[in-house]
Participant: 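First the structure, which I've put down as structure tokens, then a few questions once you've had a look.
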Amino acid sequence: MNASAPGWSVLARGEAHDVIVIDVTGSGVETARRNCSFAELSRIIVDAPSTHRWVWDDTPRWYPALLDAGIEVARCHDLRLCHAILRDSALVTDAAALRDAQAWSAPADAGTADDALFALDDDPRGVPDAPEEVIVEFARQQAAVASACDPERLRLLLAAESAGALVAAELHAAGVPWHAPTHEAILAETLGERPRGTALPSIVQSRADEVRAALGDPTASLDSQPKLLRALHRAGVPARSTSRWELAEYDHPAIAPLLVYKKLTRLLSANGWNWLSEWAADGRFRPTYVPGGVVTGRWASSGGGALQLPRQLRPAVRADPDWTLIVADVAQLEPRVLAAMAGDTALADAARGTDLYEGIVAGGVVTTRQEAKIALLGAMYGATTGDSGRLVPALRRAYPRAMALVDDAARIGEEGGVVSTWLGRTSPPPSGRWRALQAQASDADAGADDDTAARRSARDRGRFTRNFVVQGTAAEWALAWLADLRTRLAALPDVPPAEAAAASGPIFSRRAHLAFFLHDEIIVHAPRSQAEDAAAIVRESADRAARLLFGTFPIDFPLDLRITQDAAKD
DNA sequence: AGTGCCTGCGCG
DNA sequence: AAAGCGCGCAGGCACT
């Protein structure tokens, strides 16, 4: 390889455990091919310029092993993720070849995360990794991009999505610094001392006793929804469900301790001592992130409930000694994205300060911040009734362009069409079942029930496509933020070995690194000496993401950012 | 014993 | 059953 020329290399798996490195031009023309060992591959990657792009079937099958060996990859093209985008994108004029290549439509498989590359058993349930198939798929994708009506946007999306795959692997490798003693203290204070065996912690048991006493039913089951419902009925509480919101409606002495009991058992079962020993025993919480796991382009996760960490446990996210956390989230990401997409300067004006909702109040559209918030959420989610639905018309008058964008997306969805994000991720077409339901309702002999069901499913789909364009574009903004952030953090110098945070692994123990990501929020774990630099990078990356997506349109994405020891909200 | 659905609740 | 989007997970339960 000519180390000075930015380029592309396709990586594939050869016989036994060797790797086939195929140098290609950006348009997919093959220029050189060779076999190598893992050690040789590591050397090739380290020696390549940072602009070189590594093309591979599936990031979780390559990158974890490289990270373990201390090798970082600057740029990649993840064929599985990009296939899914290109196959469905409305920007692509001819996706037939991609749709025919069904082997590339394998869903993300968390089981490939830790083992697949160089594993002894090769039972790849995922996408193909043989050289010929990988090369052909790459060529298909390059052709699809070239044929698109806006190739640059798609290239941006594919690069961002692939960078996200790298970030996901890095987040897993580095982990969230987790302070078990703090977690245990929260559990002890909230639930009571950890019991032996299967007994309930003392405070949980006390609340259960109170509920049963108030019900006059010493054997009432509190954990089985149907049994609890019957016990409530016997005690004169005619609830139809056992959800918190409904139970709170009733005035009965069992309700208050029951609501507490439910809250405590939730903490116990979701993030109790078992969770701690299973997921954070070594001082790091390492969830498996699943880039592209949500149709809108958001990430999903599997294992440990990474995307549901209760705020209550945030204090347990704590920097290592001599390190700090930079905790940053975007204020009102989705409405800002909507303003920019729609070119709605009135909404962008409202967003000018730090609080978009206050901006809407200041514009006289509604009278309180709370109203502004539920109105805007209602507009993006498709609320039609209640407080939210009532306030939406005021928004429609004040911000006609933004509202037209989401209203159009909803109408298209109701009619069975597809909608796209800013960079070209396109919603899936309606299912056969959905189309059949609509067709049935328009039959001459359709009954009123058919009609009702069809209208309802049409509106359901409209709310989905309405939200898709906003949620999906917000996810693109977040990917752009992450991509720039990881690159710039990677350029920070290593700190002296004495300051290393050993649990973060061979790469991330020595400099600031991403530790957590959740839709519109990131946590960076940084040596104290790098905290200010890293925080500046976090802010600058947000600005660069805004410009990358929306150019000169006057919208900003202010961060709530703090440099702290732990992630508790202060 | 394994599966798949339902309810409920955590997160954005 | 929080009006309205997107998720994951635990526990119970009905089914095979």
Side-chain angles (χ1 to χ4, degrees), chain A residues 108 110 221-230 238-250 258-259 261-272 274-275 278-279 287-314 329-335 337-338 370-371 373-392 395 406 409-410 413 419 421 427-428 456 459-475 477-478 516-522 567 569:
Chain A
S221 166
L222 309 185
D223 301 316
S224 158
Q225 193 262 4
K227 290 177 182 170
L228 175 58
L229 207 51
R230 285 196 292 274
R240 300 179 311 291
S241 85
T242 62
S243 79
R244 183 169 22 120
W245 293 107
E246 171 152 6
L247 292 181
E249 307 277 304
Y250 296 98
L258 178 56
L259 293 180
Y261 173 84
K262 286 162 74 80
K263 200 161 195 67
L264 299 185
T265 51
R266 163 79 194 188
L267 176 63
L268 177 63
S269 70
N271 295 101
N274 290 342
W275 183 94
E278 184 175 357
W279 288 102
T288 300
Y289 294 90
V290 186
V294 179
V295 279
T296 58
R298 274 188 174 181
W299 290 10
S301 73
S302 82
L307 274 44
Q308 305 136 257
L309 269 189
R311 306 200 73 82
Q312 193 179 7
L313 287 182
R314 290 299 188 91
D329 67 276
V330 191
Q332 305 109 23
L333 174 57
E334 291 189 357
V337 158
L338 172 58
Q370 182 61 18
E371 281 187 345
K373 183 174 179 175
I374 63 172
L376 208 38
L377 291 176
M380 293 186 299
Y381 292 165
T384 53
T385 62
D387 289 346
S388 184
R390 187 168 49 75
L391 291 164
V392 169
L395 240 45
V406 287
V419 297
T421 60
S427 64
R456 190 159 58 104
R459 280 194 301 268
D460 287 349
R461 188 157 191 282
R463 286 194 303 276
F464 166 64
T465 52
R466 168 189 294 271
N467 187 245
F468 181 96
V469 293
V470 179
Q471 186 184 118
T473 302
W477 183 92
F516 189 68
F517 168 60
L518 180 54
H519 306 319
D520 62 357
E521 167 186 8
I522 56 96
K569 192 84 176 175

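Given the structure is predicted, the values throughout are model-derived calculations rather than measurements. So you know, we letter chains A, B, ... as the sequences are listed, proteins then strands, and number each from 1.
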Participant: Does a side-chain N or O from A:Arg463 land closer than 4.0 Å to OP1 or OP2 of C:dC5, or not?
Facilitator: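 A:Arg463 to C:dC5 OP1/OP2: side-chain N or O found under 4.0 Å.
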Participant: Between the base of C:dA3 and the side chain of A:Arg390, is there a donor and acceptor pair under 3.5 angstrom?
Facilitator: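 Side chain to base: no pair present.
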Participant: At under 4.0 Å between heavy atoms, what does A:Gln471 touch on the DNA or RNA strands: base, sugar-phosphate, or nothing?
Facilitator: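 Here A:Gln471 touches the bases of the nucleic acid.
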Participant: Within the 4.0 Å heavy-atom criterion, would you say A:Gly303 contacts the bases, only the backbone, or no part of the nucleic acid?
Facilitator: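 Contact class for A:Gly303: sugar-phosphate only.
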Participant: So A:Leu222 and A:Thr265, do their side chains get closer than 4.5 Å, heavy atoms only?
Facilitator: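 Sidechains of A:Leu222 and A:Thr265: no contact.
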Participant: Give one of base, sugar-phosphate or nothing for A:Ile374, where a contact means two heavy atoms less than 4.0 Å apart.
Facilitator: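 Nothing, no nucleic acid heavy atom in range.
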Participant: Looking at A:Arg311 and A:Glu521, is any side-chain nitrogen of the basic one under 4.0 Å from a carboxylate oxygen of the acidic one?
Facilitator: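 No salt bridge links A:Glu521 with A:Arg311.
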Participant: For B:dG8, does OP1 or OP2 lie under 4.0 Å from any side-chain N or O of A:Thr242?
Facilitator: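 Indeed, a polar side-chain atom of A:Thr242 lies that close.
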Participant: When you match A:Asp223 and A:Gly293 each to their closest nucleotide on DNA chain C, which lands nearer the 5' end?
Facilitator: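 Upstream on the strand: A:Gly293.
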Participant: Between the main-chain N or O of A:Leu391 and the side-chain N or O of A:Glu371, is there a donor-acceptor pair closer than 3.5 Å?
Facilitator: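 Flag not set: sc A:Glu371 to bb A:Leu391 has no pair under 3.5 Å.
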Participant: How close or far is atom P of C:dG11 from atom CG of A:Leu268, stated in whole angstroms?
Facilitator: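 In whole Å, C:dG11 P lies 8 Å from A:Leu268 CG.
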Participant: Would you indicate which nucleotide in B:dC11, C:dG12, C:dG4 comes nearest to any side-chain atom of A:Thr384?
Facilitator: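 Closest nucleotide among those given: C:dG4.
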Participant: Please report the distance, rounded to the nearest Å, between CZ in A:Arg244 and C1' in B:dC9.
Facilitator: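 In whole Å, B:dC9 C1' and A:Arg244 CZ are 7 Å from each other.
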Participant: Between B:dT7 and C:dA1, how far apart are the P atoms? Round to whole Å, please.
Facilitator: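 My reading of the P atoms in C:dA1 and B:dT7 gives 7 Å.
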Participant: Between C1' on B:dG12 and CE on A:Met380, what's the gap in Å once rounded to a whole number?
Facilitator: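 Rounded to whole Å, this separation is 11 Å.
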Participant: Name the closest nucleotide to the A:Ala383 side chain, picking from B:dC9, C:dG6, C:dG4.
Facilitator: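 Between B:dC9, C:dG6, C:dG4, the one nearest the side chain of A:Ala383 would be C:dG4.
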Participant: Under 4.0 angstrom, heavy atoms only, what part of the nucleic acid is A:Leu518 near: base, sugar-phosphate, or nothing?
Facilitator: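 It contacts sugar-phosphate atoms only.
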Participant: If I take atom NZ in residue A:Lys227 and atom P in nucleotide B:dC6, what distance separates them, rounded to the nearest angstrom?
Facilitator: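 Result: 20 Å.
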Participant: Considering every strand and a 4.0 Å limit on heavy-atom distances, what is the contact class for A:Arg311: base, sugar-phosphate, or nothing?
Facilitator: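 Here A:Arg311 touches the backbone only, sparing every base.
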Participant: The side chain of A:Ser269 lies closest to which of these nucleotides: C:dG6, C:dG11, C:dG4?
Facilitator: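 Of the options given, the side chain of A:Ser269 lies nearest C:dG11.
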Participant: Rounding to an integer number of Å, can you tell me how far A:Leu267 CG sits from B:dG10 P?
Facilitator: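 It is 10 Å, rounded to the nearest whole Å.
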Participant: For a quick check, tell me whether the side chain of A:Arg266 and the base of B:dC9 share a donor-acceptor pair closer than 3.5 Å.
Facilitator: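 Donor-acceptor pair under 3.5 Å: yes.
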Participant: Tell me the closest heavy-atom pair linking A:Ala474 and A:Glu334, and the distance in Å.
Facilitator: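 Result for this residue pair: CB-CG, 3.8 Å.
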Participant: Round to the nearest Å and state the distance from A:Leu338 atom CG to C:dC5 atom P.
Facilitator: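 So the two atoms are 17 Å apart, to the nearest Å.
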Participant: From CZ of A:Arg240 over to C1' of B:dG8, roughly how many Å is that when rounded to an integer?
Facilitator: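 Taking CZ of A:Arg240 and C1' of B:dG8, I get 16 Å after rounding.
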Participant: Please determine, for C:dG4, whether a Watson-Crick or G-U wobble partner exists with both distances under 3.5 Å, and give it or none.
Facilitator: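 Across any shown strand, C:dG4 pairs with none.
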Participant: Considering only C:dG4, B:dG8, C:dG8, which nucleotide approaches the side chain of A:Ala300 most closely?
Facilitator: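 From the listed options, C:dG8 comes nearest.
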Participant: Do A:Arg466 side-chain and C:dG4 base share a donor-acceptor contact under 3.5 Å?
Facilitator: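 Flag unset: no donor-acceptor pair detected.
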Participant: Quickly work out the A:Trp275 CH2 to C:dC9 P distance and round it to whole Å.
Facilitator: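 To the nearest whole Å, that distance equals 12 Å.
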Participant: Let's test your reading of the model: under 3.5 Å, does the base of C:dG8 pair with the side chain of A:Gln308 as donor and acceptor?
Facilitator: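 Side chain to base: pair present.
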Participant: Got A:Leu247 and A:Arg244 here, is their nearest side-chain heavy-atom distance under 4.5 Å?
Facilitator: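 When only atoms from C-beta onward are counted, A:Arg244 and A:Leu247 do not touch, as no gap falls below 4.5 Å.
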Participant: With a 4.5 Å cut-off on side-chain heavy atoms, are A:Asp223 and A:Tyr261 touching?
Facilitator: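 Contact flag for A:Tyr261/A:Asp223 side chains = yes.
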Participant: Are A:Arg459 and A:Arg463 packed together at the side-chain level, in the sense that at least one heavy-atom pair is separated by less than 4.5 angstrom?
Facilitator: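 Sidechains of A:Arg463 and A:Arg459: in contact.
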Participant: Answer yes or no: does a side-chain N or O of A:Lys263 lie under 4.0 Å from OP1 or OP2 of B:dG10?
Facilitator: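 For A:Lys263, the contact criterion (side-chain N or O under 4.0 Å from OP1 or OP2 of B:dG10) is met.
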Participant: Would you mind telling me which of C:dG6, C:dC5, C:dC13 lies closest to the side-chain atoms of A:Ser224?
Facilitator: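 Among the listed nucleotides, the one closest to the side chain of A:Ser224 is C:dC13.
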Participant: Tell me whether the OP1 or OP2 atom of B:dG8 has a side-chain N or O from A:Lys262 closer than 4.0 Å.
Facilitator: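 So the side chain of A:Lys262 is outside the cut-off, no N or O lying under 4.0 Å from OP1 or OP2 of B:dG8.
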